[in-house]
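Let me begin by presenting the structure, written as structure tokens, before commenting on it.
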Number of protein chains: 2
Amino acid sequence: MPVKLNLDKLDFQIIQEMMEDAEISYADLGKKLFVSGGTIHVRIKKLQEYGIVKGTRLSVDLKALGYDVIAFIGIFLEKSSLYDTVAKELKKIPEIVRLNYTTGNYSMFAEIVCKDIQQLRFVLHDELQKIKGIERTETFISLEESFARNVLVNDTAAG
Amino acid sequence: MPVKLNLDKLDFQIIQEMMEDAEISYADLGKKLFVSGGTIHVRIKKLQEYGIVKGTRLSVDLKALGYDVIAFIGIFLEKSSLYDTVAKELKKIPEIVRLNYTTGNYSMFAEIVCKDIQQLRFVLHDELQKIKGIERTETFISLEESFARNVLVNDTAAG
DNA sequence: CAAATATTTGAATAAATATTCAATATTTTC
DNA sequence: GAAAATATTGAATATTTATTCAAATATTTG
């Protein structure tokens with residue numbers, strides 16, 4: 001059972017700012033939000049205790065590293081009861097970075113990151129086809145990412 | 001023109017580790033990767049100069065904040081030339097956190113994060129429908145996220 | 001509205017950690 | 001394979017920044 005959350009505007013502002021840039025110091029963030037560094041400290045400690053804040057991650061330019069190809073894959077299963085076993089197999093493919101069980105047309109929805117179309121072709125054709133229970137797949141290759149951002153967090157009806 | 005990258009195994013190991021946890025100190029990361037803290041320092045400086053490393057982001061438990069509903073939206077446009085104007089309109093909707101221009105069935109592919117089904121309904125029905133140029137949409141609500149992780153980076157045919 | 005409780009402030013301090021750098025080791029070049 | 005160039009080491013240092021805490025403020029409660 002989660003602790004009853006009682007977050008105010010400042011908590012959400014801290015989260016929003018640090019989702020963009022976690023390197024900012026408590027003092028500087030305090031200046032930005034018109035409170036003292038001590039208050040930022042107390043709030044972040046609270047957010048960590050609540051389990052809302054779960055550390056920081058390095059932001060990396062994957063394109064610059066050569067990971068140019070992003071695609072989405074809609075997956076049709078032979079039987080939806082096969083979800084767990086197929087998910088387990090998909091997890092073994094490192095190029096697949098995300099998998100969701102979805103309503104609608106597809107049984108599951110995957111995101112894949114590759115270095116080039118050859119690698120994508122290999123995963124789709126050689127690896128996915130081997131997995132028992134997948135009926136067929138539909139691939140949507142991203143030609144351009146228009147934007148990717150964080151959700152705007154606030155306290156309307158939260159917690 | 002990007003600087004010719006010359007990244008070795010250690011660079012990729014540093015990136016991989018810090019994509020999971022950016023709070024680790026140079027000394028500790030050095031221990032983990034069997035080099036000195038000084039070497040980690042030099043490598044990270046290089047990665048920053050290359051523009052590969054772009055700061056750190058706070059990792060937040062959105063579910064705990066009440067953002068329970070994730071959905072994917074396939075969007076059909078009346079004419080694919082309308083992409084830019086529609087993208088601009090979609091960017092104004094804060095619940096839409098990501099938009100890709102894709103090959104395949106749909107013209108564009110969006111991801112949306114909401115607090116509840118009511119909010120999702122509102123965005124789909126009241127906001128998306130208002131946008132000129134959208135023919136129709138297909139929504140896939142995530143019932144479960146099986147996994148979400150970073151791609152495995154390495155130097156095969158990189159940079 | 002007074003008392004009790006909780007929160008914020010801001011400066012002092014402690015702690016952590018990035019940075020520096022001479023010595024050493026490794027790799028590359030000719 | 002010797003010389004030159006480059007990279008690593010690891011300890012010393014400087015710097016940053018989290019942490020602490022008493023006083024001041026603000027908020028809640030009966």
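So that the names make sense, note that chain A is the first sequence line, chain B the second, and so on, each numbered from 1.
- Judged by distance alone, with hydrogens and angles left aside, the side-chain atoms of B/Asp21 form a donor-acceptor pair with the main-chain N or O of B/Glu23 at under 3.5 Å.
- Sorted by first and then second residue, the pairs that involve residues 144-154 of chain A and meet salt bridge (charged side-chain N to carboxylate O under 4.0 Å, His left out), not counting sequence neighbours, are A/Glu145-B/Arg98.
- Below 30°, between 30° and 60°, or above 60°: for A/Phe140 and B/Phe109 the angle between ring planes is below 30°, a parallel geometry.
- Checked against side-chain contact (heavy atoms from CB on, under 4.5 Å), B/Asp61 has the following partners two or more places apart in sequence or in another chain: A/Lys54, B/Lys63, B/Ala64.
- Listed by chain and residue number, A/Leu58, B/Leu47, B/Gln48 satisfy the side-chain contact (heavy atoms from CB on, under 4.5 Å) test with B/Val53 (two or more places apart in sequence, or in another chain).
- Partners of A/Phe76 by ring pair (Phe, Tyr, Trp, His ring centres under 6.0 Å), not counting sequence neighbours, listed by chain and number: A/Tyr106.
- Under the salt bridge (Lys or Arg N to Asp or Glu O under 4.0 Å) criterion, A/Glu89 pairs with A/Lys92, sequence neighbours left out.
- Rounded to a whole Å, the CD1 atom of B/Ile14 is 12 Å from the P atom of C/dA18.
- The salt bridge (Lys or Arg N to Asp or Glu O under 4.0 Å) check on B/Lys32 picks up B/Glu17, with sequence neighbours excluded.
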Distances for protein N/O vs nucleotides 23-30 of chain C N/O pairs under 3.5 angstrom?
none

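- Contacts classified as side-chain hydrogen bond (donor to acceptor under 3.5 Å, both in side chains) and involving residues 76-88 of chain B (residues at least two apart or in different chains) are given here: A/Ser146-B/Tyr83.
- Between A/His41 and D/dT19 there is a side-chain N or O to OP1 or OP2 distance below 4.0 Å.
- If you measure from atom CG of B/Asp28 to atom C1' of C/dA18, you get 13 Å, rounded to the nearest angstrom.
- Taking atom CD1 of B/Ile40 as the reference point, atom C1' of C/dT19 lies 15 Å away to the nearest angstrom.
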Contact list (N/O, under 3.5 angstrom) for nucleotides 5-9 of chain D vs protein:
{"unit_1": "D/dT8", "atom_1": "OP1", "unit_2": "B/Arg43", "atom_2": "NH2", "d": "2.6"}
{"unit_1": "D/dT9", "atom_1": "OP2", "unit_2": "B/Ser36", "atom_2": "N", "d": "2.7"}
{"unit_1": "D/dT9", "atom_1": "OP2", "unit_2": "B/Ser36", "atom_2": "OG", "d": "3.1"}
{"unit_1": "D/dT9", "atom_1": "OP2", "unit_2": "B/Thr39", "atom_2": "OG1", "d": "2.7"}

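- Residues satisfying the salt bridge (Lys or Arg N to Asp or Glu O under 4.0 Å) criterion with B/Arg57, sequence neighbours excluded, are absent altogether.
- From one end of the helix from C/dC1-D/dG30 to C/dC30-D/dG1 to the other, with five pairs defining each end axis, the axis direction shifts by 50° (rounded to 10°).
- Atom P of nucleotide D/dA18 and atom CD1 of A/Ile44 are separated by 8 Å, given to the nearest angstrom.
- If you measure from atom CD of B/Glu23 to atom P of D/dT16, you get 20 Å, rounded to the nearest angstrom.
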Donor-acceptor pairs under 3.5 angstrom involving side-chain atoms of residues 125-137 of chain B: please list them, not counting sequence neighbours.
{"unit_1": "B/Gln129", "atom_1": "NE2", "unit_2": "B/Leu124", "atom_2": "O", "d": "3.3"}
{"unit_1": "B/Lys130", "atom_1": "NZ", "unit_2": "B/Asp126", "atom_2": "O", "d": "3.4"}
{"unit_1": "B/Arg136", "atom_1": "NH1", "unit_2": "B/Glu138", "atom_2": "OE2", "d": "3.4"}

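- As rounded to whole Å, 10 Å separates atom P of D/dT17 from atom CD1 of A/Ile24.
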